[in-house]
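One structure below.
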Amino acid sequence: MVEFSTALLAIAAAFVLFAVVALYRVFVGPTIHDRVIAVNVAGTNTVIAIALVAAAFEESAFLDVALVYALLNFLLSIAFSKFNVEHGGVL
Amino acid sequence: MTPVEWAIVVLALLGAFFGAVAAIGIIRMPDIYTRAHAASKSDTLGAVLTIAAVALALESGLSTVKAAFLVIFMFITNPTAAHAIARAAEDQGIEPWTTEDEQ
(Lines give C-alpha, C1' and ligand atoms only; values in the text may rest on other atoms or scores of the structure.)
Protein backbone atom coordinates (compact mmCIF):
# COMPACT_ATOMS: atom_id res chain seq x y z
CA MET A 1 0.00 0.00 0.00
CA VAL A 2 1.41 3.31 -1.05
CA GLU A 3 1.70 6.11 1.48
CA PHE A 4 -0.47 9.16 0.75
CA SER A 5 2.33 11.75 0.68
CA THR A 6 4.46 9.42 -1.46
CA ALA A 7 1.68 9.28 -4.05
CA LEU A 8 1.50 13.09 -4.13
CA LEU A 9 5.29 13.33 -4.48
CA ALA A 10 5.22 10.80 -7.35
CA ILE A 11 2.62 12.89 -9.19
CA ALA A 12 4.78 15.99 -8.58
CA ALA A 13 7.72 14.12 -10.12
CA ALA A 14 5.54 13.32 -13.15
CA PHE A 15 4.78 17.04 -13.57
CA VAL A 16 8.49 17.89 -13.36
CA LEU A 17 9.05 15.28 -16.11
CA PHE A 18 6.42 16.98 -18.30
CA ALA A 19 8.17 20.34 -17.73
CA VAL A 20 11.46 18.81 -18.89
CA VAL A 21 9.68 17.37 -21.96
CA ALA A 22 8.39 20.87 -22.79
CA LEU A 23 11.98 22.15 -22.61
CA TYR A 24 12.65 20.14 -25.79
CA ARG A 25 10.34 22.53 -27.65
CA VAL A 26 12.17 25.49 -26.05
CA PHE A 27 15.39 24.09 -27.49
CA VAL A 28 14.30 23.28 -31.06
CA GLY A 29 11.21 25.53 -31.49
CA PRO A 30 11.33 27.08 -34.98
CA THR A 31 9.91 30.47 -33.94
CA ILE A 32 10.24 32.58 -30.80
CA HIS A 33 6.53 32.03 -30.07
CA ASP A 34 6.99 28.26 -29.88
CA ARG A 35 9.67 28.82 -27.28
CA VAL A 36 7.52 31.20 -25.24
CA ILE A 37 4.55 28.78 -25.29
CA ALA A 38 6.82 25.93 -24.15
CA VAL A 39 8.35 28.07 -21.37
CA ASN A 40 4.82 28.94 -20.27
CA VAL A 41 3.87 25.25 -20.07
CA ALA A 42 7.07 24.40 -18.19
CA GLY A 43 6.35 27.20 -15.70
CA THR A 44 2.75 26.03 -15.19
CA ASN A 45 3.95 22.50 -14.51
CA THR A 46 6.50 23.87 -12.03
CA VAL A 47 3.72 25.71 -10.18
CA ILE A 48 1.70 22.47 -9.98
CA ALA A 49 4.74 20.55 -8.72
CA ILE A 50 5.37 23.17 -6.00
CA ALA A 51 1.69 23.01 -4.92
CA LEU A 52 1.82 19.20 -4.77
CA VAL A 53 4.99 19.31 -2.66
CA ALA A 54 3.21 21.77 -0.34
CA ALA A 55 0.34 19.27 0.03
CA ALA A 56 2.68 16.30 0.53
CA PHE A 57 4.74 17.96 3.28
CA GLU A 58 1.76 19.96 4.67
CA GLU A 59 3.95 23.06 4.36
CA SER A 60 1.48 25.78 3.36
CA ALA A 61 4.28 28.37 3.03
CA PHE A 62 5.18 26.72 -0.29
CA LEU A 63 1.80 27.85 -1.65
CA ASP A 64 2.96 31.49 -1.48
CA VAL A 65 5.93 30.53 -3.64
CA ALA A 66 3.56 28.84 -6.11
CA LEU A 67 1.30 31.93 -6.26
CA VAL A 68 4.20 34.30 -6.95
CA TYR A 69 5.64 31.90 -9.52
CA ALA A 70 2.29 31.67 -11.34
CA LEU A 71 1.98 35.46 -11.57
CA LEU A 72 5.59 35.89 -12.74
CA ASN A 73 5.03 33.18 -15.35
CA PHE A 74 1.99 35.04 -16.70
CA LEU A 75 3.91 38.33 -16.71
CA LEU A 76 6.77 36.73 -18.68
CA SER A 77 4.47 35.43 -21.40
CA ILE A 78 2.60 38.72 -21.74
CA ALA A 79 5.81 40.78 -21.77
CA PHE A 80 7.49 38.56 -24.38
CA SER A 81 4.50 38.56 -26.71
CA LYS A 82 3.97 42.31 -26.25
CA PHE A 83 7.53 43.40 -26.95
CA ASN A 84 8.04 41.01 -29.87
CA VAL A 85 5.55 42.72 -32.17
CA GLU A 86 6.45 46.14 -33.51
CA HIS A 87 3.47 48.15 -32.34
CA GLY A 88 3.28 46.41 -28.99
CA GLY A 89 -0.49 46.08 -29.24
CA VAL A 90 -1.15 42.47 -28.31
CA LEU A 91 -3.63 42.85 -25.47
CA MET B 1 -5.73 5.58 2.89
CA THR B 2 -9.05 7.20 3.74
CA PRO B 3 -11.73 7.85 1.06
CA VAL B 4 -10.89 11.57 1.00
CA GLU B 5 -7.24 10.74 0.34
CA TRP B 6 -8.31 8.42 -2.48
CA ALA B 7 -10.37 11.25 -3.98
CA ILE B 8 -7.34 13.58 -3.75
CA VAL B 9 -5.04 11.07 -5.45
CA VAL B 10 -7.59 10.36 -8.21
CA LEU B 11 -8.02 14.10 -8.87
CA ALA B 12 -4.25 14.59 -9.01
CA LEU B 13 -3.85 11.59 -11.33
CA LEU B 14 -6.49 13.05 -13.68
CA GLY B 15 -4.56 16.32 -13.64
CA ALA B 16 -1.33 14.44 -14.41
CA PHE B 17 -3.08 12.79 -17.39
CA PHE B 18 -4.02 16.16 -18.84
CA GLY B 19 -0.50 17.45 -18.14
CA ALA B 20 0.83 14.50 -20.16
CA VAL B 21 -1.59 15.35 -23.00
CA ALA B 22 -0.30 18.95 -22.97
CA ALA B 23 3.34 17.81 -23.04
CA ILE B 24 2.66 15.44 -25.97
CA GLY B 25 0.78 18.19 -27.80
CA ILE B 26 3.65 20.65 -27.31
CA ILE B 27 6.08 18.14 -28.82
CA ARG B 28 3.99 16.61 -31.62
CA MET B 29 1.76 19.38 -32.98
CA PRO B 30 2.84 20.88 -36.33
CA ASP B 31 2.71 24.66 -35.82
CA ILE B 32 2.48 27.44 -33.25
CA TYR B 33 -1.31 27.76 -33.25
CA THR B 34 -2.00 24.07 -32.61
CA ARG B 35 0.71 24.05 -29.95
CA ALA B 36 -0.93 27.05 -28.28
CA HIS B 37 -4.22 25.13 -28.37
CA ALA B 38 -2.67 22.10 -26.64
CA ALA B 39 -0.86 24.28 -24.12
CA SER B 40 -3.80 26.48 -23.18
CA LYS B 41 -6.58 23.90 -22.90
CA SER B 42 -5.04 20.67 -21.63
CA ASP B 43 -2.52 22.31 -19.37
CA THR B 44 -5.12 24.61 -17.79
CA LEU B 45 -7.43 21.67 -17.09
CA GLY B 46 -4.56 19.63 -15.64
CA ALA B 47 -3.46 22.54 -13.45
CA VAL B 48 -6.98 23.21 -12.18
CA LEU B 49 -7.66 19.55 -11.35
CA THR B 50 -4.33 19.09 -9.56
CA ILE B 51 -4.54 22.29 -7.54
CA ALA B 52 -8.13 21.40 -6.60
CA ALA B 53 -6.64 18.17 -5.21
CA VAL B 54 -4.09 20.26 -3.29
CA ALA B 55 -6.89 22.48 -1.92
CA LEU B 56 -8.66 19.32 -0.68
CA ALA B 57 -5.48 17.95 0.86
CA LEU B 58 -4.45 21.02 2.89
CA GLU B 59 -6.02 21.15 6.31
CA SER B 60 -6.11 24.74 7.52
CA GLY B 61 -8.57 27.27 6.08
CA LEU B 62 -6.03 29.86 4.94
CA SER B 63 -4.02 27.50 2.75
CA THR B 64 -7.21 26.18 1.16
CA VAL B 65 -8.10 29.78 0.27
CA LYS B 66 -4.61 30.25 -1.21
CA ALA B 67 -5.03 27.12 -3.34
CA ALA B 68 -8.44 28.35 -4.50
CA PHE B 69 -6.84 31.65 -5.51
CA LEU B 70 -4.21 29.68 -7.43
CA VAL B 71 -7.01 27.83 -9.28
CA ILE B 72 -8.67 31.14 -10.21
CA PHE B 73 -5.35 32.65 -11.37
CA MET B 74 -4.67 29.57 -13.50
CA PHE B 75 -8.13 29.77 -15.07
CA ILE B 76 -7.65 33.44 -16.00
CA THR B 77 -3.94 33.82 -16.78
CA ASN B 78 -3.12 30.63 -18.71
CA PRO B 79 -5.56 31.10 -21.65
CA THR B 80 -4.80 34.83 -21.68
CA ALA B 81 -1.08 34.18 -22.09
CA ALA B 82 -1.68 31.62 -24.85
CA HIS B 83 -4.02 34.07 -26.61
CA ALA B 84 -1.44 36.87 -26.42
CA ILE B 85 1.33 34.65 -27.79
CA ALA B 86 -0.84 33.34 -30.65
CA ARG B 87 -1.92 36.88 -31.49
CA ALA B 88 1.69 38.08 -31.50
CA ALA B 89 2.53 35.23 -33.90
CA GLU B 90 -0.40 36.27 -36.11
CA ASP B 91 0.80 39.90 -36.05
CA GLN B 92 4.23 38.78 -37.23
CA GLY B 93 2.66 37.05 -40.23
CA ILE B 94 3.22 33.40 -39.33
CA GLU B 95 0.90 31.37 -41.56
CA PRO B 96 -1.25 28.62 -40.01
CA TRP B 97 -0.26 25.08 -40.95
CA THR B 98 -2.48 23.29 -43.49
CA THR B 99 -2.36 19.78 -44.95
CA GLU B 100 -0.92 21.18 -48.21
CA ASP B 101 2.33 21.94 -46.37
CA GLU B 102 2.92 18.21 -45.96
CA GLN B 103 3.20 17.46 -49.70
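Each chain gets a letter, A, B and so on, in the order its sequence line appears, and its residues count up from 1. On a predicted model such as this, the values are computed, not experimentally measured, just so you know.
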Chain B interface, residue from [options] that has the most non-hydrogen pairs under 4.5 Å:
options: A:Leu67, A:Val21, A:Val47; result: A:Leu67
options: A:Ala51, A:Ser60, A:Ala66, A:Pro30; result: A:Ala51
options: A:Val28, A:Ile48, A:Val41, A:Asp34; result: A:Asp34
options: A:Asp64, A:Thr31, A:Leu76; result: A:Asp64

More than 12 heavy atoms of other groups within 6.0 Å of B:Tyr33 OH
yes
Please tell me if the side chains of A:Ile37 and B:Ile32 come closer than 4.5 Å, counting only heavy atoms from C-beta onward.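 Side-chain contact under 4.5 Å: yes.
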Any non-hydrogen side-chain atom of B:Thr2 less than 4.5 Å from a side-chain atom of B:Trp6?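 No; the side chains remain at least 4.5 Å from each other.
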| request: Indicate if A:Val68 and B:Met74 have the same hydrophobic cluster label, given that clusters are the connected sets of ILVMFWY residues with side-chain heavy-atom separations under 4.5 angstrom. | output: no
With a 4.5 angstrom heavy-atom cut-off, which part of [X] approaches chain B: side chain, backbone, both or neither?
X: A:Phe15; value: side chain
X: A:Ala19; value: neither
X: A:Leu71; value: side chain
X: A:Leu52; value: both

Indicate every side-chain donor-acceptor pair of residues 17-31 of chain B with a distance under 3.5 Å to a residue at least two apart or in another chain.
unit_1	atom_1	unit_2	atom_2	d
B:Asp31	OD1	B:Thr34	N	3.3
B:Asp31	OD1	B:Thr34	OG1	2.8
B:Asp31	OD2	B:Trp97	N	2.9

**Q.** Donor-acceptor pair, side chain of B:Ser42 and main chain of B:Ala39, under 3.5 angstrom
**A.** no
Checked B:Ala38, B:Ser40, B:Ala47, B:Ala57 vs chain A; the most non-hydrogen pairs under 4.5 Å come from B:Ala47
Max heavy-atom pairs within cutoff under 4.5 Å with chain A, candidates B:Leu58, B:Leu56, B:Thr44, goes to B:Leu58
Applying a strict 4.5 Å limit to non-hydrogen atoms, the region of B:Leu62 in contact with chain A is neither
Q) Where on B:Ile76 is there a heavy atom nearer than 4.5 Å to chain A: the side chain, the backbone, both, or neither? A)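 Neither the backbone nor the side chain of B:Ile76 comes within 4.5 Å of chain A.
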A:Asn73 and A:Asn40: side chain donor to acceptor below 3.5 Å: yes
(request) Assess whether side-chain contact (heavy atoms from CB on, under 4.5 Å) is satisfied between A:Leu23 and A:Val26, documenting all intermediate values. (result) CA-CA 5 Å; A:Leu23 285 184; A:Val26 180; 4.0 Å; yes
